[in-house]
Amino acid sequence: MAAGVAAWLPFARAAAIGWMPVANLPMPVAPTEKNKRQDELIILNVSGRRFQTWRNTLDRYPDTLLGSSEKEFFFNEDTKEYFFDRDPDVFRSVLNFYRTGKLHYPRYECISSYDEELAFFGIVPEIIGDCCYEEYKDRKRENAERLMDDQEDNKDAKLPNMTFRETMWRAFENPHTSTMALVFYYVTGFFIAVSVLTNVVETVPCGSVPNMKEVPCGERYTVAFFCMDTACVMIFTVEYLMRLFAAPNRYRFMRSVMSIIDVVAILPYYIGLVMTDNEDVSGAFVTLRVFRVFRIFKFSRHSQGLRILGYTLKSCASELGFLLFSLTMAIIIFATVMFYAEKGSTSSKFTSIPASFWYTIVTMTTLGYGDMVPKTIAGKIFGSICSLSGVLVIALPVPVIVSNFSRIYHQNQRADKRRAQKKARLARIRLSKTGSSNAFLHSKRNGLFNEALELTGSTEDEKRLSKSTSLIESQHHHLLHCLEKTTNHEFVDEQYYQQSYLEAGLQNYPSQSPSLSSQDGVTGTCCTRRSKKQHHTPLPNASAPAHMQPLKHTHTHPQGLQELSTIHIQPLSTSRSSLNMRVEEPAPLNCQSSQITTAIISIPTPPVTTPEGDAHLPAAPTLQNVVKVSAL
Amino acid sequence: TVFVVWLVNTRGRQRAPSDSDLELSTVRHQPEGLDQLQAQTKFTRKELQSLYRGFKNECPSGLVDEETFKSIYSQFFPQGDASTYAHFLFNAFDIDRNGSIRFEDFVIGLSVLLRGSVTEKLNWAFNLYDINKDGYITKEEMLAIMKSIYDMMGRYTYPCVRDDAPSEHVDKFFQKMDKNRDGVVTIEEFIETCQKDENIMNSMQLFENVI
């Protein structure tokens, strides 16, 4: 029942008195309204804009937020109003829904923000009124397509464990994924061009044997051309077989258009090999050579425009069909008319209706070769009508095809733009993620270092370090820290994890002590990356927090790190065990203070740096306790 | 010329309905003042305000025509066809028989139904049944009313509504009401019989607190 009509219920009930004298049975008892209160105004404060309405208006839809007791959660006691921190513009539509019973979708509103607001207020979008429903659905579909496109692009991402076959297939489909694929792509493209060129040049007359007429090049340099052809066909065959091998679904691949083109391109050669010097079929063999020109279609793998054109033609099949049909009709009509009009004239070229087809086609497409011309007056009149109508008939479906092509082409361009945008967006997200995770790692070091500093009482460094990470950030870090403690594992950077994963078998904890020089090298590269100062102080001990196993140190670590532009080495973090050992480190502090927010790799250094370090660090087995950084 | 005139006439006729449609929708009616209505009816000021808001929401032009009335009333009886009974109701409310109910008519009628005395209510009911308002309820009139009431029930009832159910009901009604067996029921017979029937008396009080 519509909301407004509910207001007429009292009237309908009152009118029921008309049934009473007629009724034979006693009536049921009427329901009483328990706490009958007068209708009151309630104030809805949406981000500062105040809306007011009767309470009854909102009660019309009890299964929404505003109509149920759920809105009490938003009641502000001090101001005696309901406060919602939402978009006031969309709220207009929401409130109008209560008032009029119809939900409207404003065109200027973004579809996803509108959906969010509706979801918040508990209104189902399906009740949008007819006036706005089509617009809403269209926008929603567009949005869904856009999101779907984004998801499709994900399949470009390289999966970690692809079989050789899958890698190969991916290389074939997207040449940009690896250098090998790109090379292959260009090589095949080159050979397609060579093959087509060969076919063309073959027929050019080049030079003449003195006693015979001009000979085409193909017959003059038979061997050369044959070798060229063989080479090309070899390459194409190999390529086709490789594709066939790599295809995930061979049967489907064999049915696809490109594969058929491939087959048609190389088949004539093999057929030619098989049937040599057989006079009867050599004529047929010659015609087979025509199919070699289909090799040019192989270019469509290399050219996106060509693919779009093909796709357009396919999608405009109905328009093309209509064009063809209407042309055929017109041709037949005009051919018949011209034939009968020219029947009377002498030496007329219009010998039969099919013969007139040629004239009609040439005239309708405004070619006008002039090999067949009407001579009678009637013929000329009808001829002119024919050419005029030809222009019209052809001009009609062409814009449809053109607009289709333009739409698909722009869609493609849009897809490329979106891909680029998505790449940028992902890069930003990745950056911020690593930033936050590394901020955590950094603050962890800082925290420990702070404790170290407290012990030594060096306050000015502490001041530098205690730049205010916001309360939220510190709480977040504390949370991550708790997780670490719970699982007894530590967060590290992805790069470090992969490195250590690869070298899992190689490390042997005590024997791995790198020399001081190499360590210096490490330090040098680490710290000199960002800071201007050189310092050669050996790195302090492992950064493992108190209860954890020391992390493995890989001296090849820095190389890997150098690749990361956002990483700057954080050589510092003193574990509790090494606190006693060495706590001064002003130099590393310099290194670290300049980069607070960006990535940090915890490089635990082996205890070789100081002799006394050995005593502290437990000769623990080289357990790998590193945990890959999850999505923080 | 006859042909031309005929053409013009048909053109004119084609245009007329749309013009008159336009006229109807631009007619607006403002009710009499709140004070006058308060004097005429037994509703309080707040009740009148609330009633008017509901009325105006559904009929922004201030007038209810029969079609709107039928559609509103039908929404309360989704299973059956309430249009015939709504038609009778409309005539009962439309006191001055001008084809549309103004807010005053509406509220005066409601006042009788909800706040009037039993006699007034019975009068109103009689007025409803008396379709041609001649002071007598004939069997045909009653049959029409009864059929319209049964129409509101729709098809899916238990037990099934038989075709002769309305006329049976009418016969029973006349047996009860028509004292002098003259085939019509007058207002006096009606009121007298009703006042003697306990069921009817009780049911008259049923909708006292609807507003």
Side-chain angles (χ1 to χ4, degrees), chain A residues 1-42 51-61 66-67 92 95-104 127 129-131, chain B residues 46-47 49-51 53-55 57-59 71-73 75-78 82 85-86 88-89 92-93 106 109-114 116 121-122 124-129 142 145-146 149 152 169-170 172-173 176-177 190 193-194 197-211:
Chain A
M1 205 161 57
V5 178
W8 284 60
L9 185 58
F11 157 75
R13 295 178 73 201
I17 292 205
W19 308 333
M20 301 302 147
V22 185
N24 295 327
L25 303 165
M27 291 290 143
V29 181
T32 52
E33 208 168 318
K34 303 277 170 43
N35 45 347
K36 189 170 152 56
R37 45 162 209 271
Q38 285 289 352
D39 209 357
E40 47 166 329
L41 275 176
I42 64 174
F51 296 86
Q52 290 182 328
T53 183
W54 299 108
R55 187 176 283 274
N56 279 356
T57 313
L58 296 181
D59 289 342
R60 284 180 195 158
Y61 297 99
L66 291 174
R92 261 187 57 238
L95 196 52
N96 276 336
F97 165 64
Y98 287 91
R99 291 181 180 138
T100 62
K102 283 195 262 208
L103 182 61
H104 294 282
I127 53 177
D130 288 336
C131 42
Chain B
K46 277 219 156 99
E47 286 169 342
Q49 282 177 335
S50 159
L51 275 172
R53 280 202 298 270
F55 183 85
N57 226 2
E58 208 52 36
C59 320
S71 74
I72 293 174
Y73 197 73
Q75 301 213 21
F76 295 107
F77 305 99
Y85 186 70
F88 295 132
L89 259 188
F93 269 92
F106 178 72
L110 268 187
S111 168
V112 166
L113 286 172
L114 300 176
K121 291 181 189 173
L122 288 172
W124 187 90
F126 185 88
N127 191 37
L128 173 69
Y129 302 146
M142 205 55 222
I145 300 268
M146 201 62 73
I149 294 181
M152 280 198 284
H169 205 140
V170 170
K172 260 194 272 198
F173 178 80
K176 205 163 56 165
M177 301 277 168
F190 183 71
T193 322
C194 287
D197 188 329
E198 213 180 292
N199 273 341
I200 297 181
M201 282 331 235
N202 285 340
S203 57
M204 282 293 154
Q205 324 290 338
L206 207 53
F207 298 111
E208 297 272 270
N209 53 353
V210 153
I211 298 232

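Letters go in sequence order (proteins before strands), and every chain restarts at 1.
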Under 4.5 Å to a heavy atom of chain A? For B:Phe55 that would be both

Taking every heavy atom of B:His169 against every heavy atom of A:Val22, the minimum-distance pair comes out as NE2-O, 2.8 Å

Taking every heavy atom of B:Tyr129 against every heavy atom of A:Met20, the minimum-distance pair comes out as OH-N, 4.5 Å

For A:Pro21 and B:Phe173 the tightest heavy-atom approach is O-CE1, 3.8 Å

Highest number of heavy-atom pairs under 4.5 Å with chain A among B:Phe190, B:Phe88, B:Phe106 belongs to B:Phe106

- Is any side-chain heavy atom of A:Trp54 closer than 4.5 Å to a side-chain heavy atom of B:Ser50? no

Review point. Hey, what's the ring geometry for A:Phe11 with B:Tyr73, parallel, tilted or perpendicular (30° and 60° as the breaks)?
Key: perpendicular

Open item on the list: Can you confirm whether more than 12 heavy atoms, excluding those of A:Lys102, are under 6.0 Å from its NZ atom?
Closed with: no

Nearest heavy-atom contact between B:Leu110 and A:Ala14 is CD2-CB, 3.5 Å

Okay, B:Met146 and chain A: the region with an atom under 4.5 Å from a heavy atom over there is side chain

dist B:Leu114:CG -> A:Arg13:CZ (nearest 0.5 Å) comes out at 9.5 Å

Under 4.5 Å to a heavy atom of chain A? For B:Phe126 that would be neither

Applying a strict 4.5 Å limit to non-hydrogen atoms, the region of A:Ala12 in contact with chain B is both

Closest non-hydrogen contact found for A:Ile17 with B:Leu113 is CD1-O, 3.3 Å

